[in-house]
Amino acid sequence: SFPPNYYITDILEVESKIVLVTAQSHLYDREKGGIWQSADGGESFKQVDSTPTFTLTKIDKTTILATHARSVDRSISISTDGGASFENFGHLPWDKGAIPFYTCAAVMGNGQVVVAGLTRLGSFPNNTNSQFFVSDSKKLSWSAFEQPMRMDQDSMPKDRMALFADPVLEDLLYVAGNAEALAWRVNITSGIWTKLWDEPDV
């Protein structure tokens, strides 16, 4: 069974009976997290990585992208063996002093990967921001992607966000943020962001 007292953040079924589980912290140690693999449908688990982790995104049958918490040097990892092991997948160009407190990713229809993070700046806990990064077509390098506003508008360094790739249009991305940054449709080719909500009528 899975070890107790972990803050579980994602569960991914890679194939029949092969399951990955991530955790970003432990009840008694905020820096204790990682990725676990079960090869028997959840009867037993083996820890395959000790980096605190938020999300898992399947790129193809055996390739999985993991996004990590509170790490500038290792914000993303890749597995090419179906989750049996993970390794660093490149350095994201975070703003100076920015520490990501939540990260997530989406695989676009054209093969590019978008990674985003909510960040805390400096020692003041409510000084928050967000950043987006997009890979090149071969996933060998990352560039920053402009945003119209920070996605953590209520300045709470505990919030979450979400990315969803359009299932038909290969360069269209949907973003869910917080408070006044509620929901967006983004064309990653043109860089155009479109709000998906209106002013309240009451």
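This chain uses plain numbering: 1 for the first residue, then up along the sequence.
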Determine yes or no for a side-chain-to-main-chain donor-acceptor pair under 3.5 angstrom, with Arg160 supplying the side chain and Lys158 the backbone.
yes

Is it the case that one hydrophobic cluster holds both Ile78 and Val107, taking links as side-chain heavy atoms less than 4.5 Å apart, direct or via other members?
yes

Kindly say whether Leu56 contributes a backbone atom to a donor-acceptor pair with the side chain of Asp10 at under 3.5 angstrom?
yes

When hydrophobic residues are tied together by side-chain contacts of less than 4.5 Å, even through go-betweens, does Val114 share a cluster with Ile64?
no

Val14 versus Lys61, closest heavy-atom pair with distance
CG1-O, 4.2 Å

Does Val72 reach the side chain of His91, with side-chain heavy atoms less than 4.5 Å apart?
yes

Might you work through the side chain to side chain donor-acceptor pair (under 3.5 Å) test for Ser75 and His68, ending with a clear yes or no?
CA-CA 5 Å; Ser75 303; His68 303 300; over 6 Å; no

Main chain of Phe54, side chain of Thr9: is a donor-acceptor contact present, judged purely on distance under 3.5 Å?
yes

Going from SG on Cys104 to CZ on Phe132, what distance comes out if it is rounded to the nearest 0.5 angstrom?
7.5 Å

Let me confirm one number: the CZ-OG1 distance from Arg70 to Thr119, rounded to the nearest 0.5 Å.
14.5 Å

Rounded to the nearest 0.5 Å, what's the gap from CG on Leu12 to OG1 on Thr57? Could you check?
8.5 Å

Please work out whether the ring planes of His26 and Tyr28 are parallel, tilted or perpendicular, with thresholds of 30° and 60°.
tilted

With a 4.5 Å heavy-atom cut-off, do Met151 and Leu118 have their side chains touching?
yes

If you apply the rule side-chain contact (heavy atoms from CB on, under 4.5 Å), what do you find for Val115 with Leu65, and how did you get there?
CA-CA 10 Å; Val115 175; Leu65 180 76; 4.2 Å; yes

Can you hop from Met149 to Trp193 via hydrophobic side chains spaced under 4.5 Å?
yes

Separation of Leu173 CG from Phe145 CZ (nearest 0.5 Å)
7.5 Å

Given the rule that I, L, V, M, F, W and Y join up when any side-chain heavy atoms are under 4.5 Å apart, are Phe101 and Met161 in one cluster?
yes

Kindly compute the distance separating NZ (Lys17) from CG (Asp40), expressed to the nearest 0.5 Å.
8.0 Å

After noting the C-alpha distance and the side-chain angles of Tyr102 and Gln24, does the key distance pass the side-chain contact (heavy atoms from CB on, under 4.5 Å) rule?
CA-CA 10 Å; Tyr102 182 74; Gln24 69 103 357; over 6 Å; no

Quick one: do Ile188 and Met108 satisfy side-chain contact (heavy atoms from CB on, under 4.5 Å)? Show the steps, please.
CA-CA 9 Å; Ile188 68 168; Met108 307 302 295; 3.8 Å; yes

If we ignore hydrogens and angles and just use 3.5 Å, is the side chain of Gln47 paired with the main-chain N or O of Gly33 as donor and acceptor?
yes

I'd like to know whether Thr53 forms a side chain to side chain donor-acceptor pair (under 3.5 Å) with Thr22, so could you lay out the CA-CA distance, the side-chain angles of the two residues, the decisive distance to 0.1 Å, and finally the verdict.
CA-CA 6 Å; Thr53 304; Thr22 66; 6.0 Å; no

Side chain to side chain donor-acceptor pair (under 3.5 Å) assessment of Asp81 paired with Ser79:
CA-CA 6 Å; Asp81 52 15; Ser79 172; 2.8 Å; yes

Separation between CD1 (Ile76) and CG (Leu92), nearest 0.5 Å, reads 4.0 Å

Donor-acceptor pair, Thr189 side chain versus Asn187 backbone, under 3.5 Å?
no

With a 3.5 Å distance limit and no angle check, can you tell me whether Ser135 reaches the backbone of Trp142 through a side-chain donor-acceptor pair?
no

Please answer whether the main-chain N or O of Ser155 pairs with a side-chain N or O of Asn126 as donor and acceptor at a distance below 3.5 Å.
yes

Determine whether a donor-acceptor pair (N or O, by modelled atom type, separation under 3.5 Å) exists between the side chain of Gln147 and the backbone of Ser130.
yes

In terms of hydrophobic clusters joined by side-chain contacts under 4.5 Å, are Ile59 and Val134 together?
no

Assess the residue pair Val21 and Ile8 against the criterion (side-chain contact (heavy atoms from CB on, under 4.5 Å)); give the C-alpha distance rounded to whole Å, side-chain angles, the decisive distance to 0.1 Å, and a yes or no.
CA-CA 7 Å; Val21 177; Ile8 293 175; 3.8 Å; yes

Residues Ala179 and Gln153: closest non-hydrogen pair is CB-CB, 3.9 Å

